[in-house]
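Contents: one structure, followed by commentary.
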Amino acid sequence: MNIDWSILEQRARLAANAAYAPYSHFHVGAALLTEDGRIFSGCNVENASFGLTVCAERNALFAAVAAGARRFAGLVVVTSNPQPVTPCGACRQVLHEFAPSFEVRCYGHAGEELITSCEELLPRAFVAADFRS
């Protein structure tokens, strides 16, 4: 699949602008591309009870799953940090469940790019086969 990463970056930046981050002031946007060409965006949504905060990457993925998507081609993550920041551990695990080998591109607000994959972000991930006998 030929991916137009600039469109995904643009959609992730728009999502980051919508983030609800009154405590950390750390805005994150994500744009997830399905294998059939749909794009799902998400932003981080904080809560005064910090454990209830949900990351942009999981919000995008959950919106895609709710729309019936199960196969993904790529993800862009944009943060308000000057340098690129990769997804947190929880997001890495959830993303790996659906697409362990897809490309992930991370951008800071200055535009610097980091290119990686779910497998690189979470080597030796916990998978369903680990608890089957």
Here the gap from F26 atom CZ to T79 atom OG1, rounded to the nearest 0.5 Å, amounts to 4.5 Å
Salt bridge between R105 and E113, side-chain N to carboxylate O under 4.0 Å? yes
Nearest 0.5 angstrom please: L32 CG to F98 CZ, how far? 10.0 Å
Intermediate values then yes/no, side chain to side chain contact (heavy atoms under 4.5 Å, CB included), F40 and F62: CA-CA 9 Å; F40 292 88; F62 297 162; over 6 Å; no
Flag side-chain contact, heavy atom, 4.5 Å: V77 against E57: yes
Using the rule that two of Ile, Leu, Val, Met, Phe, Trp, Tyr join whenever any of their side-chain heavy atoms come within less than 4.5 Å, decide whether V76 and V94 are in one cluster. no
Provide the closest heavy-atom pair for A69 versus T34 in the form atom of the first, atom of the second, distance. CB-CG2, 3.6 Å
Taking C-beta and beyond as the side chain, do C43 and Y20 meet within less than 4.5 Å on heavy atoms? no
Establish whether Y107 and V85 are linked, either directly or via other cluster members, by ILVMFWY side-chain heavy-atom contacts under 4.5 Å. no
Neighbour count >12 (heavy atoms, 6.0 Å) for atom CZ, R71: no
How far does CG of L33 sit from CD1 of I7, to the nearest 0.5 angstrom? 9.5 Å
Might you point out which heavy atoms bring A56 and V28 nearest each other, and give the distance in Å? CB-O, 3.4 Å
Which class fits the ring pair F102 and F72: parallel under 30°, tilted 30 to 60°, perpendicular over 60°? perpendicular
Could you work out, with ring pair (Phe, Tyr, Trp, His ring centres under 6.0 Å) as the rule, every residue matching Y23, not counting sequence neighbours? F50
Between V127 and H96 the two heavy atoms that sit nearest each other are CG1-CE1, 3.9 Å
One should read off an interatomic distance between C118 SG and E97 CD, to the nearest 0.5 angstrom, of 11.5 Å
Give, for atom CG of L121 and atom CD of Q93, the distance between the pair rounded to the nearest 0.5 Å. 12.0 Å
How long is the straight-line distance from CG of N59 back to SG of C55, given to the nearest 0.5 Å? 8.0 Å
Least distance between heavy atoms, C88 atom then R58 atom: SG-NH2, 4.4 Å
Evaluate the side-chain proximity of I115 to E103: yes if any heavy-atom separation is below 4.5 Å, no if none is. yes
Which is it for L8 and I39 under the side chain to side chain contact (heavy atoms under 4.5 Å, CB included) test, yes or no, and what are the steps along the way? CA-CA 8 Å; L8 288 175; I39 298 173; 3.9 Å; yes
Which pair of non-hydrogen atoms, one from G42 and one from A15, has the smallest distance, and what is that distance? O-CB, 3.3 Å
When clusters are formed by joining ILVMFWY residues with side-chain heavy atoms under 4.5 Å apart, either directly or through shared neighbours, do L61 and L122 land in the same one? no
Between T86 and C106 the two heavy atoms that sit nearest each other are CA-SG, 3.9 Å
Looking at R70, I'd like to know if its CZ atom is crowded, meaning that more than 12 non-hydrogen atoms belonging to other residues, nucleotides or ligands lie closer than 6.0 Å. yes
